[in-house]
Amino acid sequence: MFYPNQCYIEITDRCNLKCKHCFANAQQKNKNFLSYSEIVNIYKQLENVGVIYVNISGGEPLLHPEIFDIIAYASKQPYNTCLLTNGILWNEEKIAKLKESDPDDNIYIQLSLDGQYEIMNEHRNMTKTEYEKMIENIKLFKKYGFYVTGLHTADSITIKESLNTCKYYIENYNIDSIQIVPAFMSGRATENHDLLDNYWNEWIQLVLQVTDIKKYSYWGQLSERLSLGFFTLYEIVVPLDKNNRHSDIWDVWGLDVDNVDNYRKQLHRNYYCEAGCSELAISSTKEMYPCVAALRTSMRCGTLKEKSINEIWTDSEMLDKFRNLNDTVIKKEPCSSCNYKIYCNGGCRVASLELTGDFYNPDPRCPIVKEYKNNKEMEIL
């Protein structure tokens, strides 16, 4: 039996920005909100399924009319709770009120930090005034004692400045931690696929650089504040193996990809992907999905209007598809010849469905899959 340890609650799909890569398709014209009572009910249900981490997300959560009541309730619950915000709409009065709602410091803040102004303008359609307001509010979050983490999305727009961006925010604004993640090709990102997704060679170099920063403490004590996040296994193992650095997969990133039993015990699931195994997401329309990147795709697992979280988690046919692939994907080439097939299981199902139309295709973003397809096309020519 699988138990989710992480839940994303999209309390609204309304947002003051319209980012090119937003998998939630959030924008100003959207009007969906989960009510305070609905959110309380969700929190109570999460305790019954084993969740430890809750992410309060949007859209922009501050646009929710009951946000401070929600935070006051969430701060008293037995979860590690993160508030995801773009940081623009806050001011000192609102941040002071947020602090009053969280007197025991149980809520931490995650800000989207993809670059300095020029990149934030191109990537997130952020104006100069909005950027300056975000910077001012970072200082205020720190002033009021919040733990502030950054999420940096790496894609073809941002990746050349990824390390400079992370170091800039850590050194100049005392960001407590910042994680670099690759862009995810769902939602609005699929509309900008050609713009965002051509950065694999730069990603390889970024993985090597961050691995060295972590391994050799090149940033001194600040090295501990930098991390990489991976949605799929190939995003870490291929760059390191390609450069004869297989041992760093364990030594630096702590993944045992040489013993499948240890690997599965370590992850508490059979494969790298969390969707439907250790993660769930709930939309602002009370629909449940296997992961946050699947929001508003055809991968809906059920609705809380009709069933409980536990009932959907236990009985959903969609979740069964994620949990019982039975090696369907890795019987296909090139996965069937890959050394990591029993660890990776063919990559991301959301990406496969969104980009190829087939849930059971190998993840088309994987460089091994791309190389295989290119070779097949050359054979035809």
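Note that the structure is a prediction, hence the values are computed from the model and not measured.
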Does the side chain of [X] reach to within under 4.5 Å of the side chain of [Y], using non-hydrogen atoms?
{"X": "M185", "Y": "E354", "result": "no"}
{"X": "L226", "Y": "I178", "result": "yes"}
{"X": "D114", "Y": "E122", "result": "no"}
{"X": "Y8", "Y": "L84", "result": "yes"}
{"X": "N174", "Y": "R225", "result": "yes"}
{"X": "C166", "Y": "W219", "result": "yes"}
{"X": "E191", "Y": "K20", "result": "no"}
{"X": "D102", "Y": "F68", "result": "no"}

Side chain to side chain contact (heavy atoms under 4.5 Å, CB included) test vs K142 passes for just one of N137, V148, I175, namely V148

From CA spacing to verdict: side chain to side chain contact (heavy atoms under 4.5 Å, CB included), I56, L83: CA-CA 5 Å; I56 298 175; L83 179 65; 3.9 Å; yes

Taking atom types as modelled and ignoring hydrogens, do the side chains of [X] and [Y] form a donor-acceptor contact shorter than 3.5 angstrom?
{"X": "N86", "Y": "N16", "result": "yes"}
{"X": "T85", "Y": "E60", "result": "yes"}
{"X": "H64", "Y": "R14", "result": "no"}
{"X": "Q45", "Y": "N41", "result": "yes"}
{"X": "T127", "Y": "T129", "result": "no"}
{"X": "S284", "Y": "E10", "result": "yes"}
{"X": "T149", "Y": "S177", "result": "yes"}

From CA spacing to verdict: salt bridge (Lys or Arg N to Asp or Glu O under 4.0 Å), K143, E92: CA-CA 10 Å; K143 173 184 173 181; E92 186 157 14; 2.7 Å; yes

Steps toward side chain to side chain contact (heavy atoms under 4.5 Å, CB included) verdict (F184, H21): CA-CA 7 Å; F184 200 92; H21 61 291; over 6 Å; no

Scan Y271, Y343, Y272 and name whichever one has a ring pair (Phe, Tyr, Trp, His ring centres under 6.0 Å) with Y263. Y343

Looking at [atom1] of [X] and [atom2] of [Y], how far apart are the two atoms once the value is rounded to the nearest 0.5 Å?
{"X": "C273", "Y": "N345", "atom1": "SG", "atom2": "CG", "answer": "9.0 Å"}
{"X": "I282", "Y": "T303", "atom1": "CD1", "atom2": "OG1", "answer": "10.0 Å"}
{"X": "C7", "Y": "L280", "atom1": "SG", "atom2": "CG", "answer": "4.0 Å"}
{"X": "Q209", "Y": "Y218", "atom1": "CD", "atom2": "OH", "answer": "11.0 Å"}
{"X": "Y360", "Y": "K332", "atom1": "OH", "atom2": "NZ", "answer": "9.5 Å"}
{"X": "I88", "Y": "E130", "atom1": "CD1", "atom2": "CD", "answer": "4.5 Å"}

Are the side chain of [X] and the backbone N or O of [Y] linked by a donor-acceptor pair below 3.5 Å?
{"X": "E306", "Y": "G302", "result": "no"}
{"X": "R269", "Y": "L267", "result": "yes"}
{"X": "N32", "Y": "D13", "result": "no"}
{"X": "R349", "Y": "N361", "result": "yes"}
{"X": "T12", "Y": "G59", "result": "no"}
{"X": "R296", "Y": "G187", "result": "no"}
{"X": "D155", "Y": "T158", "result": "yes"}
{"X": "D176", "Y": "Y147", "result": "no"}
{"X": "T356", "Y": "L353", "result": "no"}
{"X": "D197", "Y": "H193", "result": "no"}

For this output row, return yes or no: ring centroids of [X] and [Y] closer than 6.0 angstrom.
{"X": "F146", "Y": "Y144", "result": "no"}
{"X": "F141", "Y": "Y108", "result": "no"}
{"X": "Y79", "Y": "Y43", "result": "yes"}

Specify the closest pair of heavy atoms between [X] and [Y], including all atoms of both residues, with the distance to one decimal.
{"X": "V350", "Y": "C291", "value": "CG2-SG, 4.0 Å"}
{"X": "A24", "Y": "L295", "value": "CB-CD1, 4.5 Å"}
{"X": "C82", "Y": "I109", "value": "SG-C, 4.5 Å"}
{"X": "V49", "Y": "P4", "value": "O-CD, 3.3 Å"}
{"X": "C22", "Y": "A26", "value": "SG-N, 3.5 Å"}
{"X": "D69", "Y": "Y36", "value": "O-CE1, 3.4 Å"}

Side chain to side chain contact (heavy atoms under 4.5 Å, CB included) between I180 and T165, intermediate numbers included: CA-CA 10 Å; I180 303 171; T165 294; over 6 Å; no

Regarding E136 and K133, does a basic nitrogen lie under 4.0 Å from an acidic carboxylate oxygen? yes

Q266, CD: over 12 other non-hydrogen atoms inside 6.0 angstrom: yes

Check this for me: K215, atom NZ, are more than 12 non-hydrogen atoms of other residues, nucleotides or ligands nearer than 6.0 Å? yes

Start with the C-alpha gap between N339 and D241, add the side-chain angles, then the distance that decides, and say whether side chain to side chain contact (heavy atoms under 4.5 Å, CB included) holds. CA-CA 11 Å; N339 293 333; D241 279 348; over 6 Å; no

Result of checking K44, K286, K305 against E38 for salt bridge (Lys or Arg N to Asp or Glu O under 4.0 Å): K286

Within residues 310-322 or reaching into it, pairs that qualify as side chain to side chain donor-acceptor pair (under 3.5 Å) - sequence neighbours excluded: S308-E311

Using 30° and 60° as the class limits, which term best fits the ring planes of Y340 and H246: parallel, tilted or perpendicular? parallel

